[in-house]
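Below: one structure, written as structure tokens.
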Amino acid sequence: FMYCKYYQAKVNIPYTWFVTGVLRSEEHLVFERTLAESDNGIIEFFVPEDSEEKFFQIMQYFIEHGYVIHFESKENRLKT
């Protein structure tokens with residue numbers, strides 16, 4: 001059984017729907033959701049390993065344009 005890579009991002013809150021909409025338009029790129037306890041723009045992403053490069057490119061674009069403040073890889077919380 002293989003787990004996806006896990007990332008969290010701090011999103012500029014007014015652009016949350018834009019960020020999620022773009023990622024959802026890319027079929028099978030990522031699964032994303034906001035953390036239930038988060039009202040501060042934190043979104044988690046589950047990224048298949050073969051989609052990681054494209055995910056990085058899109059996230060870099062989002063950062064350059066101010067839609068995302070930062071993102072980072074973390075231990076997949078579903079493994080714990």
Is it true that Tyr6 and Glu72 share a donor-acceptor pair across their side chains at a distance under 3.5 Å? no

Linked, directly or transitively: Ile13 and Phe45 (ILVMFWY side chains, under 4.5 Å): no

Please determine whether residues Phe56 and Ile63 belong to a single hydrophobic cluster, defined as Ile, Leu, Val, Met, Phe, Trp and Tyr linked transitively by side-chain heavy-atom distances below 4.5 Å.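 Yes, Phe56 and Ile63 fall within the same hydrophobic cluster.
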
Check the pair Ile58, Leu29 against side chain to side chain contact (heavy atoms under 4.5 Å, CB included), reporting the backbone distance first and the verdict last. CA-CA 10 Å; Ile58 292 171; Leu29 179 66; 3.5 Å; yes

Under a 4.5 Å cut-off applied to non-hydrogen side-chain atoms, are [X] and [Y] in contact?
| X | Y | answer |
| --- | --- | --- |
| Phe62 | Leu23 | yes |
| Thr20 | Thr34 | no |
| Lys10 | Asn40 | yes |
| Thr16 | Ile43 | yes |
| Ile69 | Val11 | no |
| Val47 | Tyr7 | yes |

Distance check, rounded to the nearest 0.5 Å: [X] atom [atom1] versus [Y] atom [atom2]?
| X | Y | atom1 | atom2 | value |
| --- | --- | --- | --- | --- |
| Ser73 | Glu52 | OG | CD | 7.0 Å |
| Gln8 | Lys74 | CD | NZ | 4.5 Å |
| Lys5 | Ser51 | NZ | OG | 12.0 Å |

Start with the C-alpha gap between Glu32 and Arg24, add the side-chain angles, then the distance that decides, and say whether salt bridge (charged side-chain N to carboxylate O under 4.0 Å, His left out) holds. CA-CA 8 Å; Glu32 106 292 320; Arg24 289 178 184 181; 2.7 Å; yes

Walk me through whether Phe55 and Phe46 qualify under ring-ring contact (aromatic ring centres under 6.0 Å, His included). CA-CA 10 Å; Phe55 173 72; Phe46 298 90; over 10 Å; no

Is the number of heavy atoms from other residues, nucleotides or ligands under 6.0 Å of His70 NE2 greater than 12?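 Yes, the 6.0 Å shell around NE2 holds more than 12 heavy atoms from other groups.
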
Are more than 12 heavy atoms, taken from residues, nucleotides or ligands other than Glu64, located less than 6.0 Å from that residue's CD atom?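 Atom CD in Glu64 is packed in, count exceeds 12.
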
Nearest heavy-atom neighbours spanning [X] and [Y]:
| X | Y | value |
| --- | --- | --- |
| Gly66 | Asn12 | O-ND2, 3.1 Å |
| Pro48 | Cys4 | N-SG, 3.8 Å |
| Val68 | Ala9 | CG1-CB, 4.2 Å |

For the pair Tyr15 and Tyr67, name the ring-plane relationship: parallel under 30°, tilted 30 to 60°, perpendicular over 60°.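 If you compare the ring of Tyr15 with that of Tyr67, the planes turn out perpendicular.
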
